[in-house]
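To find a chain, count down the sequence lines: A is the first, B the second, and so on, and within it residues start at 1. Quick note: numbers below take in every heavy atom, side chains included, and nothing from hydrogens, waters or symmetry partners.
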There are 2 protein chains.
Amino acid sequence: MTGGDLWTLYRTGLAVLTEGSLSGAGRLLGLSQPTVGRQVEALEAQLGRGRLFTRSQRGLLPTETMLAMRPHLETMASAAAAAARAGSGGSEELAGVVRITASEIVGGEVLPGLLASLRSAHRGLVFELSLSNRTEDMLRRDADIAVRMVQPAQKALVSRHIGKVALDLYAHESYARQYGLPQSVADLAGHALIGFDRATPFLNAAAQGLALDRNLFALRLDNDLAALAAVRAGFGIGPVQRPIAARDPALVKVLPGAVAFELEFWVVMHEDLKRTRRMRAVYDGLVEGLTRHVGQGKRG
Amino acid sequence: MTGGDLWTLYRTGLAVLTEGSLSGAGRLLGLSQPTVGRQVEALEAQLGRGRLFTRSQRGLLPTETMLAMRPHLETMASAAAAAARAGSGGSEELAGVVRITASEIVGGEVLPGLLASLRSAHRGLVFELSLSNRTEDMLRRDADIAVRMVQPAQKALVSRHIGKVALDLYAHESYARQYGLPQSVADLAGHALIGFDRATPFLNAAAQGLALDRNLFALRLDNDLAALAAVRAGFGIGPVQRPIAARDPALVKVLPGAVAFELEFWVVMHEDLKRTRRMRAVYDGLVEGLTRHVGQGKRG
DNA sequence: TATCTGCTATTCATTCTTGAATGACCGGCG
DNA sequence: CGCCGGTCATTCAAGAATGAATAGCAGATA
């Protein structure tokens with residue numbers, strides 16, 4: 001009978017829940033299948049509410065009780081990962097892992113340069129990037145620092161408003177040569193528009209300034225970086241952040257001034273991390289670098 | 001060398017941090033002191049950043065790195081406790097532990113009656129009460145349900161606005177007989193006022209309606225229930241929530257209408273718990289009972 | 001100064017957990 | 001139909017973590 005160490009049992013319970021089988025959880029945790037099985041039994045015994053999983057030959061299906069525990073166990077896992085990052089580097093030295101979440105565009109186009117210079121200044125820094133357009137839960141510590149498009153509501157977070165970045169429609173000059181450029185918003189209907197498959201901050205912002213029908217787009221992507229690549233490749237016309245477009249002289253602005261939407265930029269960090277030197281350094285570096293980046297859009 | 005189960009090591013690390021010694025942590029966890037010592041060593045080895053504690057003959061002092069990990073480990077602990085509560089009762093049955101946080105006054109004067117009727121309806125319910133005036137962190141799952149005086153800002157929480165409760169000054173009739181009652185706000189200076197030692201929601205609210213000097217009070221308490229008891233015992237004049245005063249005919253209102261401040265009532269629960277039946281039942285029960293309670297103040 | 005209490009570090013026998021191997025079961029596929 | 005890949009359950013030997021006991025140290029107390 002496995003003893004009273006509930007935290008271990010929670011960890012394997014969560015692994016079984018996410019993997020769906022004892023064997024899978026074992027592979028994930030580096031344990032054997034019998035061990036995982038015993039620990040699940042032990043967890044069930046500890047809680048005393050009967051089975052947490054319904055066993056089948058094709059895996060384990062969670063019971064209602066287990067599902068009720070799930071969010072808490074996920075919180076534990078996030079906190080454990082955060083603790084590992086916090087402990088991986090001394091808080092004195094400027095070394096260790098920093099996990100950053102940002103949108104795909106920012107992570108692919110803006111951050112690499114910034115992080116490179118941060119790392120050249122502080123060799124011990126190691127970065128993890130989590131790129132997605134949904135805003136991850138900073139309070140659950142899925143990331144240490146976030147670059148956001150919306151102001152954070154929670155007050156356990158320290159945040160810095162960087163500024164606004166304008167989005168304009170751009171096309172590659174090769175496209176412009178071949179097809180010409182629209183002269184009015186109505187002209188857009190005859191062109192190859194590149195848009196987004198599902199709701200994104202871009203689309204939300206765009207919908208305010210312009211009545212954009214999803215069916216208008218000749219290419220719909222759920223990947224912002226690929227969409228940007230499509231614009232650069234001359235496929236068609238799509239929205240690009242002005243500072244990013246400014247770096248590529250082959251990109252020409254389409255209908256300048258006719259469509260204008262803006263994105264806010266925020267850098268967000270959990271209050272607890274303020275005193276950890278490397279977190280602070282990265283935070284400050286991001287604030288400075290993004291401020292510079294946003295500024296480049298002004299004259300672009 | 002203790003193996004790779006980090007979660008266990010985190011748990012004992014946190015215990016050592018809070019207890020300040022290996023022996024103390026051992027007592028807390030039900031482990032022996034050598035075991036705790038070995039696990040701390042193992043944790044230090046895993047993180048690879050040198051010692052997490054500076055050993056001394058009088059205990060272990062956390063190092064900066066350990067302090068950086070602390071908030072994450074506490075989050076883990078809170079989540080573990082929440083998971084235990086979630087798993088302690090099936091989510092189907094109306095049984096299991098529900099942890100509620102509220103102010104001292106609400107917990108001492110209002111909740112007992114409400115919880116009693118809830119429990120008579122559902123025998124399997126077990127309640128934990130955490131009474132304090134600081135608002136605990138619901139996002140860290142220190143409690144399942146909170147009765148609050150302020151609107152929650154986080155959107156991961158479901159909340160229900162109950163209404164306002166008026167605070168008035170009251171005195172026991174025995175006090176009134178002996179000393180008489182003030183006829184004006186200026187008269188208050190000559191009376192025995194019961195107030196609060198440190199800033200509380202009451203004092204904050206009071207400070208807005210009336211210029212109250214802390215030095216005016218003849219009895220300062222950091223315990224709201226004791227303050228209420230002092231009013232009931234005839235020590236002097238103090239603020240009492242109207243619905244609570246209404247239940248005791250021996251309490252007489254002082255300077256009716258002259259001083260009037262109000263408290264908001266909110267019931268708050270984490271989004272994740274919405275579908276757990278017993279949480280939902282307690283939440284609904286609290287909403288209903290508190291609404292009734294607040295209503296009693298209206299005609300009081 | 002001597003004593004007492006609390007702490008950490010170390011040792012060693014014990015206990016407990018673990019993993020490899022095996023058997024059994026189910027579903028998909030040739 | 002029979003085989004294969006996947007799963008869980010069970011057994012048993014090996015290994016690892018554990019606890020009791022001991023020694024040593026520092027500070028408080030008389």
Side-chain angles (χ1 to χ4, degrees), chain A residues 1-67 69 73 80, chain B residues 1-67 73 76 80:
Chain A
M1 188 71 47
T2 299
D5 188 355
L6 268 181
W7 285 29
T8 296
L9 306 185
Y10 286 154
R11 190 187 57 147
T12 75
L14 178 59
V16 172
L17 185 54
T18 59
E19 289 294 308
S21 76
L22 297 183
S23 319
R27 282 190 295 271
L28 189 69
L29 298 174
L31 299 176
S32 69
Q33 169 259 322
T35 300
V36 175
R38 277 186 295 256
Q39 291 193 351
V40 169
E41 280 176 24
L43 182 58
E44 289 169 334
Q46 287 279 338
L47 296 179
R49 284 282 162 175
R51 309 255 82 128
L52 291 172
F53 297 92
T54 59
R55 272 77 164 171
S56 85
Q57 317 283 11
R58 211 163 59 267
L60 277 74
L61 219 76
T63 209
E64 281 297 318
T65 304
M66 191 65 203
L67 288 177
M69 298 178 66
L73 299 182
Chain B
M1 189 68 51
T2 298
D5 187 355
L6 267 181
W7 285 28
T8 296
L9 306 185
Y10 286 155
R11 190 186 59 147
T12 78
L14 178 59
V16 172
L17 185 54
T18 60
E19 289 295 306
S21 77
L22 298 182
S23 317
R27 281 189 295 272
L28 189 68
L29 299 174
L31 299 175
S32 69
Q33 169 260 323
T35 299
V36 175
R38 279 186 292 254
Q39 291 193 352
V40 170
E41 280 178 23
L43 182 58
E44 289 169 333
Q46 287 279 337
L47 296 178
R49 284 284 162 174
R51 310 256 78 131
L52 293 172
F53 297 93
T54 59
R55 271 75 165 173
S56 85
Q57 318 283 10
R58 212 162 59 268
L60 277 74
L61 220 74
T63 207
E64 281 298 317
T65 304
M66 192 64 203
L67 288 177
L73 300 183
M76 279 190 82

Practice task
Can you tell me the distance, in whole Å, between the CG atom of A/Asp5 and the C1' atom of D/dA16?
Solution key: 15 Å

Exercise for the section: Report the distance from atom CD of A/Glu41 to atom C1' of C/dT17, rounded to the nearest whole Å. Expected result: 13 Å

Handout entry: Distance, rounded to the nearest Å, where B/Glu44 contributes CD and C/dT8 contributes P
Key = 13 Å

Completion exercise
The side chain to side chain contact (heavy atoms under 4.5 Å, CB included) partners of B/Leu47 (sequence neighbours excluded) come to B/Leu43, B/Leu52, B/Met69

Handout entry: 4.5 Å side-chain heavy-atom contact, B/Leu29 and B/Gln39
Key = no

Problem - side-chain hydrogen bond (donor to acceptor under 3.5 Å, both in side chains) involving A/Thr8 - partner list, sequence neighbours excluded - result: A/Asp5, B/Asp5, B/Thr8

Handout entry: Whole angstrom value for the distance that separates C1' of C/dT17 from CG of A/Leu29
Key = 15 Å

Handout entry: Spacing between A/Arg38 atom CZ and D/dA16 atom C1', to the nearest angstrom
Key = 14 Å

Problem - Under-4.0 Å side-chain N/O to phosphate OP1/OP2 contact, B/Thr35 with D/dG19 - result: yes

Report all interatomic pairs (protein N or O, nucleotide N or O of nucleotides 3-8 of chain D) with separations under 3.5 Å.
{"unit_1": "D/dT7", "atom_1": "OP1", "unit_2": "A/Arg27", "atom_2": "NH2", "d": "3.3"}
{"unit_1": "D/dC8", "atom_1": "OP1", "unit_2": "A/Leu22", "atom_2": "N", "d": "2.6"}
{"unit_1": "D/dC8", "atom_1": "OP2", "unit_2": "A/Ser23", "atom_2": "N", "d": "3.1"}
{"unit_1": "D/dC8", "atom_1": "OP2", "unit_2": "A/Ser23", "atom_2": "OG", "d": "2.5"}

Practice task
Measure the shortest side-chain to side-chain distance between B/Leu60 and B/Met66 over non-hydrogen atoms and say whether it is less than 4.5 angstrom.
Solution key: no

Fill in the blank from the handout: B/Gln46 CD to D/dA17 P, in whole Å, measures 11 Å

Problem - With sequence neighbours excluded, residues passing side-chain hydrogen bond (donor to acceptor under 3.5 Å, both in side chains) with A/Glu19 - result: none

Fill in the blank from the handout: Here the gap from B/Phe53 atom CZ to B/Thr65 atom OG1, rounded to the nearest 0.5 Å, amounts to 11.0 Å

Can you list, pair by pair, the side-chain donor-acceptor contacts under 3.5 Å of residues 20-28 of chain B, counting residues two or more places apart and other chains?
{"unit_1": "B/Ser21", "atom_1": "OG", "unit_2": "B/Gly24", "atom_2": "N", "d": "2.8"}

Handout entry: Residues that B/Pro34 engages under side chain to side chain contact (heavy atoms under 4.5 Å, CB included), provided they are two or more places apart
Key = B/Ser32, B/Arg38

Problem - Watson-Crick or G-U stems of DNA chain D, 3 or more pairs, under 3.5 Å, by first number - result: C:1-30 with D:1-30

Problem - Between CG on residue B/Leu17 and OG1 on residue B/Thr63, distance to nearest 0.5 Å - result: 11.0 Å

Exercise for the section: Using a cut-off of strictly less than 4.0 Å, decide whether B/Ser32 has a side-chain nitrogen or oxygen near OP1 or OP2 of D/dG19. Expected result: yes

